[in-house]
Number of protein chains: 4
Amino acid sequence: MPTTKKRNTKVIADASKEKIFQTAFDLFALNGYSRTSVDAIAKKAKISKGLIYHYFTSKEDILRGIFLRFVENTSLQMTGDGSLPPKAALKQMIDFSISFIIHEVKLSRLMIALVIQPDVIKGINKDMSKLREGWWGVLIDLLKKMGYKNPEAEGYFLGAILDGISLGYIAMGKSYPIEKVKRLIKKKYEL
Amino acid sequence: MPTTKKRNTKVIADASKEKIFQTAFDLFALNGYSRTSVDAIAKKAKISKGLIYHYFTSKEDILRGIFLRFVENTSLQMTGDGSLPPKAALKQMIDFSISFIIHEVKLSRLMIALVIQPDVIKGINKDMSKLREGWWGVLIDLLKKMGYKNPEAEGYFLGAILDGISLGYIAMGKSYPIEKVKRLIKKKYEL
Amino acid sequence: MPTTKKRNTKVIADASKEKIFQTAFDLFALNGYSRTSVDAIAKKAKISKGLIYHYFTSKEDILRGIFLRFVENTSLQMTGDGSLPPKAALKQMIDFSISFIIHEVKLSRLMIALVIQPDVIKGINKDMSKLREGWWGVLIDLLKKMGYKNPEAEGYFLGAILDGISLGYIAMGKSYPIEKVKRLIKKKYEL
Amino acid sequence: MPTTKKRNTKVIADASKEKIFQTAFDLFALNGYSRTSVDAIAKKAKISKGLIYHYFTSKEDILRGIFLRFVENTSLQMTGDGSLPPKAALKQMIDFSISFIIHEVKLSRLMIALVIQPDVIKGINKDMSKLREGWWGVLIDLLKKMGYKNPEAEGYFLGAILDGISLGYIAMGKSYPIEKVKRLIKKKYEL
DNA sequence: AATGAATGAGGATTCATTCAT
DNA sequence: AATGAATGAATCCTCATTCAT
């Protein structure tokens with residue numbers, strides 16, 4: 001049964017790779033990329049350092065993998081599948097964003113860290129820019145459909161609000177009045 | 001004579017310390033704190049590594065010094081001296097912020113890096129929080145005086161916008177439509 | 001049937017082993033022994049790393065195998081089968097050597113690397129010495145038959161010339177005036 | 001006495017740097033460049049690894065330093081100062097070379113290793129080529145002055161002999177009949 | 001005040017080899 | 001015969017910090 005065998009092996013392989021992914025993600029999000037050593041990942045994942053380099057070409061490569069997975073996982077939820085009417089879609093985007101900001105603080109922090117570190121992680125920067133501009137493109141589109149006169153500026157404006165809230169929430173945690181601010185946003189966009 | 005001597009020495013000492021300050025600031029802003037080595041600072045400042053540790057107890061201590069100085073230098077410009085009427089003061093804060101975002105990209109990046117790295121530089125975190133909350137306190141105060149119903153949320157809202165714009169400008173540089181967004185802000189607050 | 005099967009298996013096995021041989025040889029010659037990883041051999045040969053250790057006990061063992069095969073392949077061409085008269089045999093040796101130096105630069109380099117690295121590949125060193133001394137023994141013999149007074153010294157002398165030319169050609173490539181030097185050799189030995 | 005102080009410091013500094021030089025040289029010559037670890041150098045020199053990187057930018061940099069020193073030390077002895085008549089100068093070159101081959105086997109081996117490893121030590125390769133071609137240039141010049149018809153080929157020929165002898169002596173040690181071969185050379189050039 | 005030699009604990013990465021399947 | 005996951009020691013290099021002078 002070569003098929004079964006193969007699948008087994010694959011599953012096992014995936015188990016290790018997955019462990020590396022998860023552990024690296026936890027540590028990157030917790031302590032930041034550069035303060036997380038490959039050694040620390042190996043130790044926490046209880047695997048050998050060598051195995052990490054069996055699955056990834058470099059520490060940066062792990063980060064790239066994590067980032068791409070993040071993109072996959074969030075894109076659809078973030079921007080929707082285009083089936084909703086503009087107003088509902090905008091509402092969903094904002095709700096998802098605020099929810100993400102609240103529940104994924106560490107991940108948000110990691111992503112912002114990537115944004116502001118241009119050269120460190122070169123391979124990711126382009127994708128990161130694309131992602132952000134993609135999101136904002138969707139925002140702009142929605143605002144256009146909703147009849148805003150200056151959808152581009154409005155899109156960047158709303159994008160900035162969400163980014164800024166994320167930063168504030170990272171800095172202040174639960175003492176940040178995120179719900180109140182959210183209500184202001186909804187009021188502004190009549191949602 | 002001793003007095004003069006002392007003052008002279010002090011001046012010379014200050015010259016060295018100042019050089020360290022300036023150089024470290026440049027490098028931190030340019031390459032980030034962790035990617036700047038004490039050695040690099042010494043070399044660029046054309047002084048010895050030992051001298052740095054004569055004036056500062058650690059690399060972190062340099063950053064602390066830079067940060068405190070930054071606070072001193074910007075606070076007044078940012079928040080004004082209280083002599084302006086609320087609307088003018090708000091206008092000044094926004095203008096200064098946008099100008100700072102545009103002209104001090106590297107410094108902005110450094111500051112945001114400090115915000116999102118809680119533990120790295122422990123001594124700074126409190127001051128940083130105070131600073132941000134101070135700014136926002138002033139904002140809230142102004143909005144209150146201007147008659148806004150929900151000045152707290154509005155203050156955090158405006159603060160978030162400015163932070164978000166900063167992040168966007170760091171990420172995209174001149175392709176970020178900062179002037180257009182600025183106009184939206186001014187329109188929103190009727191400035 | 002079992003016989004055929006066995007033979008088939010053998011042939012397949014040989015095919016894999018042969019692939020390893022060839023690939024390892026190429027890479028050793030191209031990049032040197034120590035800079036060639038077992039992994040690189042496996043990848044280029046499109047077989048698994050494990051299979052290499054099925055056929056060879058170690059990386060060194062591969063090199064040993066390559067070397068022995070090299071000895072087998074070149075010895076006859078180098079020294080002839082003893083059927084030629086001394087002068088013709090000497091001419092053949094020189095012609096073959098020069099041709100080898102020109103057309104097998106990488107292999108020459110690998111062989112010289114083995115000569116000057118005594119301990120690295122212990123198993124080979126003896127064979128290498130035997131080989132060289134074998135060649136020179138034949139040289140000495142030929143020169144003796146040709147009537148040279150001091151055939152031993154003359155043999156080592158000629159051997160040194162050929163080695164030195166090889167080194168020069170490795171170092172300088174086509175800018176080395178190998179043909180002119182060859183003519184000097186032929187003139188010296190009246191060939 | 002800043003001068004004295006400085007000189008003292010310099011001397012001490014030189015002592016450490018010199019120790020690194022000597023130790024690295026010994027180990028490189030004994031075991032080869034790539035099989036000598038920076039750690040091994042540090043341990044044998046009884047200094048910290050860090051100090052090595054205080055004086056040298058890389059392991060390769062140490063080798064470069066050793067090589068340059070070698071060039072300085074041998075060039076004059078090898079090629080003379082041009083004051084001798086051609087025949088005497090040629091004699092001196094040959095004598096020095098043979099003596100070097102006999103007494104500096106490890107160093108010879110290291111140098112040959114450098115010649116045949118093109119890319120490994122990139123910075124050195126050019127200098128190495130220059131050095132060799134410089135020596136041979138002198139040889140050619142001398143042979144020209146001595147009235148040889150084809151001085152270029154003759155120069156390369158003699159150069160090859162000396163290189164070849166070096167290789168032979170490295171491979172065989174004292175069982176290599178170097179004196180006999182030397183006599184043949186002298187006879188050939190009527191020295 | 002000032003120097004820079006010296007340290008040693010990491011940090012990322014490579015690689016020959018083993019082993020379960 | 002064949003795979004490739006897994007190991008762990010070794011390697012080059014960086015860097016904050018200390019200290020004698």
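Chain A is the first sequence line, chain B the second, and so forth, proteins listed ahead of strands; every chain is numbered from 1.
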Student: State which residue, out of B:Lys59, B:Lys44, B:Lys49, fulfils the salt bridge (charged side-chain N to carboxylate O under 4.0 Å, His left out) condition with B:Asp39.
Tutor: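 Single salt bridge (charged side-chain N to carboxylate O under 4.0 Å, His left out) partner of B:Asp39 among B:Lys59, B:Lys44, B:Lys49: B:Lys49.
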
Student: May I have the distance from C:Ile62 (atom CD1) to E:dT17 (atom C1'), rounded to whole angstrom?
Tutor: 12 Å

Student: Starting from the 5' end of DNA chain E, give me the residue, D:Ile47 or B:Ser48, whose nearest nucleotide shows up first.
Tutor: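 Taking each residue's closest nucleotide, the earlier one in sequence belongs to B:Ser48.
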
Student: Can you figure out which of F:dC12, F:dT17, E:dA16 approaches the side chain of D:Tyr53 most closely?
Tutor: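 Closest nucleotide among those given: F:dC12.
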
Student: On DNA chain F, check which nucleotide each of D:Thr36 and A:Ile52 is closest to and give me the residue with the more 5' one.
Tutor: A:Ile52

Student: Nearest to the side chain of C:Val38 - E:dG4, F:dA2, E:dT17?
Tutor: E:dT17

Student: Mind calculating the distance between CG (D:Asp39) and P (F:dA9) to the nearest angstrom?
Tutor: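 To the nearest whole Å, that distance equals 14 Å.
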
Student: Can you tell me the distance, in whole Å, between the NZ atom of B:Lys43 and the P atom of F:dT14?
Tutor: 11 Å

Student: What nucleotide among F:dA6, E:dA16, F:dC12 has an atom nearest to a side-chain atom of A:Ser16?
Tutor: F:dA6

Student: Mind checking the NZ-CG spacing from A:Lys43 to A:Leu27? Nearest 0.5 Å is all I need.
Tutor: 12.5 Å

Student: Looking at every strand, decide which applies to C:Ser34 at a 4.0 Å heavy-atom threshold: base, sugar-phosphate, or nothing.
Tutor: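 Contact class for C:Ser34: none.
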
Student: Please evaluate residues B:Phe25 and B:Phe67 with respect to the criterion ring-ring contact (aromatic ring centres under 6.0 Å, His included), reporting the C-alpha separation (whole Å), side-chain torsions for both, the decisive distance (0.1 Å), and the verdict.
Tutor: CA-CA 9 Å; B:Phe25 168 71; B:Phe67 173 71; over 10 Å; no

Student: How close or far is atom P of E:dG8 from atom NZ of D:Lys49, stated in whole angstroms?
Tutor: 11 Å

Student: Answer whether the closest heavy-atom distance between the side chains of D:Lys17 and D:His54 falls below 4.5 Å.
Tutor: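 In short, these two side chains do not touch, never coming nearer than 4.5 Å.
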
Student: Indicate, with a heavy-atom threshold strictly under 4.0 Å, whether C:Thr57 touches base, sugar-phosphate, or nothing.
Tutor: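 Nothing, no nucleic acid heavy atom in range.
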
Student: E:dC15 P sits how many Å from C:Phe56 CZ, rounded?
Tutor: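 It is 20 Å, rounded to the nearest whole Å.
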
Student: B:Lys46 NZ to E:dA2 P: how many Å, rounded?
Tutor: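 Taking atom P of E:dA2 as the reference, NZ of B:Lys46 is at 16 Å.
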
Student: Whether B:His54 contacts E:dA2 is assessed here as follows: a side-chain N or O lying under 4.0 Å from the phosphate OP1 or OP2. Is that the case?
Tutor: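 B:His54 to E:dA2 OP1/OP2: no side-chain N or O under 4.0 Å.
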
Student: In this structure, how many angstroms lie between the P atom of E:dA12 and the CG atom of A:Leu63, rounded?
Tutor: 13 Å

Student: Tell me the partner of E:dA16, counting only Watson-Crick (N1-N3 plus N6-O4 or O6-N4) or G-U wobble (N1-O2 and O6-N3) with both under 3.5 Å; none if nothing fits.
Tutor: F:dT7

Student: Roughly how far, to the nearest 0.5 Å, is the OH atom of C:Tyr33 from the CD atom of C:Gln117?
Tutor: 10.0 Å

Student: Both distances under 3.5 Å, Watson-Crick or G-U wobble: report the partner of E:dA1, or none.
Tutor: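 Here E:dA1 is not engaged in any pair, so there is no nucleotide opposite it.
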
Student: How many Å lie between OH on C:Tyr55 and P on E:dT18, as a whole number?
Tutor: 18 Å

Student: On DNA chain E, check which nucleotide each of A:Gly50 and D:Leu51 is closest to and give me the residue with the more 5' one.
Tutor: D:Leu51

